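Reminder, nothing fancy here: chain letters follow the sequence lines and each chain counts from 1. Values below: all heavy atoms of this structure, side chains included; hydrogens, waters and symmetry mates excluded. Keep in mind the model is a prediction, meaning the values are calculated, not measured.
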Amino acid sequence: MKRRTVLGGALAAGAAVSMPAYLRAQSNKKLSILTWNIADQEALFKEEFAEFQKNNPGVEIEWLDKKGPEVPVFYQTQLVAGTPPDVINTQGALWVEYAANGALLDLTPFVQQDAEVAKRFNADYLRNWAYEGRNFMLPFYITKTLLFYNKTMFKEAGLAEPPKSFDEIMSHARTMAKGEKTGLLTLNFDWLYWPFFKMEGVELLSADGKKAAFNTPKAIEVLDKLAKGTESGAINKISWTGRWVEPNGAFASGTVGMHHAHSPAFFFFKGQGPWVNADTLGVAQMPGGWSTPNSHGLGVSKGSKNPELAFALLKHMTSDKWTAEFIRRRNVLTGNAASDQAGLERLRKDDPLTARVLETQLEHTDKMTGNWPLPFDAQLKDAFYPEIQNAVLGRKDAKTALADAERVVNRLLSRRG
Amino acid sequence: MTSGARRPAGERPHLFARKRVRQTLLVWCFLLPSLAIFLIYRIIPLGWNLVLSFQDWSPMRPARWAGLDHYEEMFFHDEVFWTAFWNTLIYMASAPLGIAMALGLALLVNADIRGRDVYRTIIFISYPLMTVAVAIIWRWMFDERVGLINYVAREAGLVDRPIPFLNSFTWALPSVIAANIWQMLGFYMIILLTGLQNIPQNLYEAAAIDGAAARHRFRRITLPLLKPSLFLCFVIGMLNSFTSFDLVYVMTGGGPARATELLVTYIYKLSFVQTKFDYAAAVTVFFFVLLIVVAWGANRLSGGNAGAVEAD
């Protein structure tokens, strides 16, 4: 054996022994991360992960990105196989079911141990990821609904201000609807339409969550007005049937007066609608400041073999440095309060319209609705929304639709115990 | 093949020395890989599905015996199930319509006309297209704002306002059925065309000499001799209706308000959207039984010997 080989081996062994214990323990550890339709940020993730690996030698990171509908299917099959990804990114209320059924790790102890982590987030957005008082996820990027309006159509219709109440929304919509033009659009998935009910004081469930609470005279009145508005053309029918592309595409065409959507919709219709600029697009809160969040969070699977390391990756990804980079590259807010403020500051100079849209995401965060932490959210949505569709698209009157929805929802609640 | 040495009278040959045994073994050797795959990917999941339908189970909690709970829920309380069942029957019933259209086209392109090969290709080309692509094409065709159908209808003065085909309770299911028929038309046509070309021409000549009119030749010669091809189309059409998930899912997602919900889309949603794999298993068992009943009915209609291979 050559002297150089012996010397090299001795040096390597010495380095390994002198390495801190926690670093030695994690050598050859593998972390897998599943993200939700964000493949466009590959470059960012590569840089983030490279830095994490530099700080944690021997750690391998396997990144997998799936389109939205594929994420739950993939995650569930991995759970059954006993190989869930260590870190998972989910949208909306999907995480609650995972948390309630023990698939996600309770991050509360980790957050409590690390005061800096707890403090970095906007408290209202962090609360969005709590189930039974425990935090199962951390904010990854945040969105909630707002009201976009076409200033040109407002001007043509003689409307000066965005609506201040539900009735004003309806009257504004009626005023602008003419021929090809319609007055209002809303996104409908994941309870995004709920602010229309909430601003009129309608609750979905009773306070104890055991019974449907929505079948009230006020709810019937609201639904009836939405149905009549849809029938007359004041509300665009795509509101109740399209998911994301169609309603945003319709607003991009410049023939719809108002659009109730979450902030990512802005980038879509701005890209499609040449008319969209700071002079023509108005941005406002819904009456009462109500909105429905539809944020993305990061959690750790309970089945992770390296939970501490997985949390360290979460901490790394939500750090000031990387959230600031994320905001710069993707024009989103992240729930990291310092980075969000810095990002907005920059955008106010560079792109005031985008800044205004994103500012709404940090306003009235105490008025977020439709984000009930219910483990059976998907089933509840599936029981409730088709009846709303039946009413707004004219198959049933509002009273019958809500009574039918109440019956189905109560049956679901009673079966869930 | 002859055996080598002669054996003393009365001595039984070694088991593997027998030709029939060797042939049987060879057949099994060829069959085994396929059978193993069939067992692993079809039979075992089917059995597991049946067991699952009597349990409370999700990927996140252990199984618990539920007896007939899911079946009771399905038959007596689940309105969506019955809507999806009814829609599936309507969707299935549309298959003969597509077959009738394909028969008309097959007769046309079987006639001695110029450029018939081009017509055949044009008609067939819809079939090899990916179903998702077909769904996206038709979704745009039916679009309220930019769809070709609405554009033509309005230009021709047939309608004042665009029809929200996929967003209407009245039009959504017929629209999806139309897209399905369009995709299958070419396939049906090729099968029927092959059948037509196998009918001996002398039968038509003899009938013509006897003075039989065209419609009589069609009824007395074409239809009876085309029966196997028609039956094949019918069976494929039925099965396609049952499994037409991608087309419906991409075009309407089962909406609006369940107007285009089929059993197969409902099963998917129960499993992967609502995480009710156990209940979805019960609906799948019903779906499987329904398929068997339809296949049995189709077999009876064909004279009871569908799939039989004539012995030499």
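By number of non-hydrogen pairs under 4.5 angstrom with chain B, the leading residue of G233(A), P386(A), A383(A), A378(A) is P386(A). Among G102(A), A250(A), A103(A), the residue making the largest number of heavy-atom pairs under 4.5 Å with chain B is A250(A).
The environment of R161(B) atom CZ is sparse: at most 12 non-hydrogen atoms of other residues, nucleotides or ligands sit within 6.0 angstrom. The environment of CZ in F75(B) is crowded: more than 12 heavy-atom neighbours from other residues, nucleotides or ligands sit within 6.0 Å. By the 6.0 Å contact criterion, CD on E231(A) is open, its count of non-hydrogen atoms from other residues, nucleotides or ligands being 12 or less. Within a 6.0 Å radius of CH2 in W86(B), other residues, nucleotides and ligands contribute 12 heavy atoms or fewer. A 6.0 Å sphere centred on CH2 of W140(B) holds no more than 12 heavy atoms belonging to other residues, nucleotides or ligands. The environment of CZ in F288(B) is sparse: at most 12 heavy-atom neighbours from other residues, nucleotides or ligands sit within 6.0 Å. A 6.0 Å sphere centred on CH2 of W171(B) holds no more than 12 heavy atoms belonging to other residues, nucleotides or ligands.
Nearest heavy atoms, Q76(A) versus P59(B): O-CB, 3.8 Å. Smallest separation of non-hydrogen atoms from N167(B) and L393(A): O-CD1, 4.1 Å.
Only the side chain of P164(B) comes within contact range of chain A, with at least one heavy atom under 4.5 Å from a heavy atom of that chain. At a 4.5 Å heavy-atom cutoff, the contact between R411(A) and chain B is made by side-chain atoms alone. Residue Y268(B) touches chain A through its side chain alone, counting heavy-atom pairs closer than 4.5 Å. Residue S271(B) touches chain A through its backbone alone, counting heavy-atom pairs closer than 4.5 Å.
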R415(A) and E72(B): CA distance, side-chain angles, deciding distance, salt bridge (Lys or Arg N to Asp or Glu O under 4.0 Å) verdict: CA-CA 13 Å; R415(A) 276 177 70 83; E72(B) 187 198 331; over 6 Å; no
Step-by-step side-chain contact (heavy atoms from CB on, under 4.5 Å) determination, R139(B) to E246(A): CA-CA 11 Å; R139(B) 206 170 65 183; E246(A) 297 91 341; 4.3 Å; yes
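Using a 4.0 Å cut-off between charged side-chain N and carboxylate O, R407(A) and E79(B) make a salt bridge. A salt bridge is defined here as a Lys NZ or Arg NE, NH1 or NH2 lying under 4.0 Å from an Asp or Glu carboxylate O, and E144(B) with K237(A) fails to meet this definition. For D382(A) and R258(B), the salt-bridge test passes: some basic side-chain N is under 4.0 Å from an acidic carboxylate O. The pair K276(B)-E97(A) fails the salt-bridge criterion, with no side-chain N (NZ, NE, NH1 or NH2) lying under 4.0 Å from an Asp/Glu carboxylate O.
Residues Q274(B) and F376(A) have side chains not in contact (no heavy-atom distance under 4.5 Å, counting atoms from C-beta outward). The side-chain heavy atoms of V80(A) and W57(B), taken from C-beta on, include a pair separated by under 4.5 Å. When side chains are defined from C-beta on, N390(A) counts as touching F169(B), because their heavy atoms get closer than 4.5 Å.
Taking OH from Y98(A) and OG1 from T275(B), the interatomic distance works out to 6.0 Å, rounded to the nearest 0.5 Å.
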